[in-house]
Amino acid sequence: MADLFPDGQSDDADQALAARLAAAELEGRPLRVKLGIDPTGSDIHLGHSILFRKLRAFQDAGHTAILIIGDFTARIGDPTGKSATRVQLTTEQVEANATTYLRQLGQGQPKEQALLDFETPGRLEVRRNSEWLAGLDLPQVIGLLGTATVGQMLAKDDFSKRYGSGTPIALHEFLYPLLQGYDSVAVDADVELGGTDQKFNVAMGRDLQRHFGQRTQFGLLLPILVGLDGVQKMSKSLGNTVGLEEDPLSMYSKLEKVGDAAINDYLILLTDLASEALPDNPREKQKAMALAVTASRYGMEVAQKAQVDAATLVGGEAAAAADVPEASLSAVNFPAKAFYLFSAVGMCASSSEARRQIKGGAARLEGEKITDPNQEFSSVSDLEGKVLQLGKKTFRRLVP
RNA sequence: GGGUCGGUGCCCGAGUGGUUAAUGGGGGUGGACUGUAAAUCCACUGGCUCUGCCUACGUUGGUUCAAAUCCAACCCGGCCCA
C-alpha cells in the first residue's frame, strides 16, 4: 500500500485512504478511482504521466480505474492555472484528441507495455462525461449552480487573480468546477486522482457527492512536475514539456539538461530509483535520471542507445554520426543566393532571418563557414549531396 | 444602457504629431565559453533572391506637408453606476 504514495504524503491522508480501502474490502469490492482528462491537446507529456502511473498502481492492486474523457468539459476549458478564457473546442477536435490520448495511454497494447492496463477485465472504465453532462436540463444546471457561491468561486486562486488583475472571467467558467465535480457523482468515485492544482475541483466533487447523498470521495493529490525550465509547471503552453511520444533521443537529451534542483523531483515522480543509489556528481545524476526515465518508456536498451547518440551529437560530429535529414532543392530557383537558399530549403523561417544567421556566423556548407549572404550558387549540381548546416544542431543533406 | 480607462511587434510593456520597424524586459535563435543544448557574457529578433522596396501600433474613415500618437464611427475588454 505504501507504494501507492509518493514521498511527502502526510500520515493522516494515509489513514484516510487506508480507511477507505478497508471499507471497500469489507464490502468485497474494488475502489473506483477517478481520473479526469480534458482532451484539449494532442500530446501526453511526462507531467501527466505521474497521474497515470499512480492510476496504474491502483489497477495493479486490483482496483478499478475510471478514466473520464472530459469531452464535454473540454468545450468549456479548465480555468485552473489559466490567465485567460480558454478557446472552446469543437466536437470534432475533442474527439480526435481523445482518440490520440487513448492510443498514447496504450489502448490495444499488452499491459506490460502500456501505461494503463486496458486488458484485465474490470480494471478500467473509459467514460466520456458528455454521457451525463450533455443531457442535463436547465433546472438541473440551476441546481448545480445553487450548490456553490460566487464567494467560493472567487476564493479560488486562479479566479481571484484574474478578477484582481482585471482579466475577463466568463460566467460559463464557473460551471467547470461544478461539472467536473458532478463527474464524481456520476461515476460514484471513491478516490479522485489529480495534481495539487486540482484541489478546488476535487473538493467540489466531494461537496456535490454530499449534496447528492453519496459518500464523499478521497482526493489524492499528487505533486506537479516542474517543467524543463525547473521553475514552472510542465505544460504544453509553456513549451517546457517532454512528450511521451517523443523519440528516445529527443527525450533523453531534454531530460539530460534538467536543472540540478529539479532532478530529485523527476527521480521520485517518474522513476522507481532511489536517489541515494545514484552518483553524487550532479552531471552524472542528470544522466542517470535521463536514462532511467527514458528507459521507463522505451526500455533500457533503447535508452542507452539514446544516451550514446546524445553524446555523439553534442560532440559536434552529427553530420558524420547520425543520419542527416534530407532537404529537397526542388523548390529552389537557380541561381540562388546563400540567404535565399536557407529560406527556400526551409532551414530558416524567412530570408531575412537567413541573412541574419549568415551574418552571425551560423551557416556552413560541408563544414565550411558561409560568410556572405549574397554568395551565389548557379545550379543544383553545385549543391547536390552536400550538407548544409545552421548552428550546431541543424543539418540538412541537399537532394535534387 | 450611462460614465470612465484601455486595446502596441511571439508575450509583457514604454512611447502620446515630425529621423530610423518603434525604449525596456521575457522568450527565441546564433556566437563565445563550459560538467550539458546548464550558468554567464555578446549579437540578432517584421517581410522580400535586399545596396533598395514593401507591410506594421484593435477596425474603418478623416484632419495634417507629416499620425502608433489628433478627430469620428465601429469592434473588443477592465472598473464604477444602473
Side-chain angles (χ1 to χ4, degrees), chain A residues 82-85 87 154 159-171 173 226-232 235-242 246-247 249-263 266 278-291 294 306-318 321-322 329 331-364 369-380 382-383 388-395:
Chain A
K82 297 292 171 226
S83 50
T85 308
V87 269
L154 287 180
F159 285 139
S160 68
K161 272 189 194 140
R162 280 166 63 183
Y163 192 68
S165 72
T167 314
I169 301 171
L171 278 178
E173 294 184 75
V226 291
L228 293 173
D229 55 18
V231 182
Q232 289 181 285
S235 151
K236 184 122 194 189
S237 51
L238 296 171
N240 59 3
T241 60
V242 181
E246 283 188 41
D247 62 276
L249 177 58
S250 135
M251 182 180 276
Y252 177 87
S253 349
K254 280 184 175 181
L255 288 167
E256 187 193 35
K257 61 168 178 124
V258 163
D260 293 354
I263 294 182
Y266 275 67
L278 293 166
D280 284 336
N281 179 313
R283 180 68 185 132
E284 292 305 311
K285 205 165 172 181
Q286 275 178 323
K287 286 182 176 171
M289 183 277 289
L291 187 67
T294 310
Q307 186 170 46
V308 172
D309 285 350
T312 335
L313 205 64
V314 173
E317 320 241 331
L329 290 168
V332 183
N333 297 318
F334 287 92
K337 292 184 177 169
F339 74 92
Y340 163 72
L341 179 68
F342 275 91
S343 107
V345 127
M347 291 178 76
C348 288
S350 70
S351 61
S352 300
E353 188 192 316
R355 263 175 192 283
R356 284 182 225 117
Q357 297 288 21
I358 294 170
K359 283 182 194 158
R364 286 165 189 274
K369 197 172 264 187
I370 299 177
T371 48
D372 178 13
N374 292 318
Q375 181 179 341
E376 220 170 73
F377 302 96
S378 52
S379 70
V380 181
D382 285 359
L383 296 168
L388 203 57
Q389 179 182 355
L390 187 72
K392 288 171 190 153
K393 307 168 240 171
T394 316
F395 299 85

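The model shown is predicted, which means the values in this text are computed figures rather than measured ones. Below, chain A is the first sequence line, B the second, and so on; all start at residue 1.
A 3.5 Å limit on both hydrogen-bonding distances identifies no Watson-Crick or G-U partner for B:C50. When both pairing distances are held under 3.5 Å, B:A73 makes a Watson-Crick or G-U pair with B:U59. Summarising the base pairing, B:G1 is matched to B:C81 through a Watson-Crick or G-U wobble pair whose two defining distances lie under 3.5 Å. In this structure, B:G35 forms no base pair with any nucleotide, since neither Watson-Crick nor G-U wobble geometry is met with both distances under 3.5 Å. Base pairing of B:A14 is not made with any nucleotide, judged by Watson-Crick or G-U wobble geometry with both donor-acceptor distances under 3.5 Å.
Distance from the side chain of A:R356 is smallest to B:G47 among B:C50, B:G30, B:G47. Side chain of A:S352, nearest nucleotide from B:U49, B:C48, B:C44: B:C48.
Taking the C1' atoms as reference points, B:C79 lies 39 Å from B:G47, given to the whole Å. Across the P atoms, B:U45 and B:G24 are found 11 Å apart, a figure rounded to whole Å. Rounded to whole Å, the P atom of B:A68 lies 11 Å from the corresponding atom of B:A21. Using P as the reference atom, B:A38 and B:G27 are 12 Å apart when rounded to the nearest Å. Taking the C1' atom of each, B:U40 and B:A66 are spaced 46 Å apart, rounded to whole Å. Across B:G28 and B:C12, the matching C1' atoms stand 15 Å from one another, rounded to whole Å. For the P atoms, the distance from B:C54 to B:G58 is 23 Å, rounded to whole Å. Spacing between B:U49 and B:A56 at atom C1', rounded to whole Å, works out to 23 Å.
Atoms CZ (A:R355) and P (B:G47) sit 12 Å apart, rounded to a whole Å. If you take CE of A:M347 and C1' of B:G30, they are 13 Å apart, rounded to a whole angstrom. A straight line from CD of A:E256 to C1' of B:A39 spans 16 Å, rounded to a whole angstrom. Between the P atom of B:G52 and the CZ atom of A:F339 lies a distance of 14 Å, rounded to the nearest Å. When the P atom of B:A37 is taken as reference, atom NZ of A:K254 falls 16 Å away, rounded to whole Å. One atom, OH of A:Y252, and another, P of B:U36, lie 12 Å apart when rounded to the nearest Å. Between A:L341 atom CG and B:U49 atom C1' the separation is 11 Å, expressed in whole Å. Between the NZ atom of A:K287 and the P atom of B:A38 there is a distance of 15 Å, rounded to whole Å.
Between A:M289 and A:Y266, the closest heavy-atom pair is SD-CB, 3.7 Å. Summarising the geometry of A:Y340 relative to A:V332, their closest heavy-atom pair is CE2-CG1, 3.7 Å, with the distance given to 0.1 Å. In terms of heavy-atom proximity, A:F339 sits nearest to A:A354 at O-CB, 3.2 Å. Of all the heavy atoms in A:F334 and A:F377, the pair that sits closest is CD2-O, 3.4 Å.
Here the NZ-CD1 distance, from A:K337 to A:I358, works out to 11.5 Å after rounding to the nearest 0.5 Å.
Under the 3.5 Å distance criterion, the side-chain polar atoms of A:Q389 are matched with a main-chain donor or acceptor of A:G391.
With A:F342 as reference, A:M347 is the one residue of A:R355, A:Q357, A:M347 to meet the side chain to side chain contact (heavy atoms under 4.5 Å, CB included) rule.
Counting distance only, with no hydrogens placed and no angle test, the side-chain atoms of A:S350 and the base atoms of B:C48 include no donor-acceptor pair under 3.5 Å.
Heavy atoms of A:N374 sit nowhere under 4.0 angstrom from any nucleic acid atom. Residue A:P373 is classed as having no contact, given no heavy-atom separation below 4.0 Å to the nucleic acid.
By the 4.5 Å heavy-atom criterion applied to side chains, A:L329 and A:L341 are counted as neighbours. Side chains of A:P373 and A:K359 form a contact here, defined as non-hydrogen atoms less than 4.5 Å apart.
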Which protein N or O atoms sit under 3.5 Å from an N or O of nucleotides 32-35 of chain B?
| unit_1 | atom_1 | unit_2 | atom_2 | d |
| --- | --- | --- | --- | --- |
| B:C33 | N4 | A:K392 | NZ | 3.3 |
| B:G35 | O2' | A:R283 | NE | 3.0 |
| B:G35 | N2 | A:R283 | N | 3.3 |
| B:G35 | N2 | A:Q286 | OE1 | 3.1 |

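A:S253 has no side-chain polar atom (N or O) that falls below the 4.0 Å cut-off from OP1 or OP2 of B:A37.
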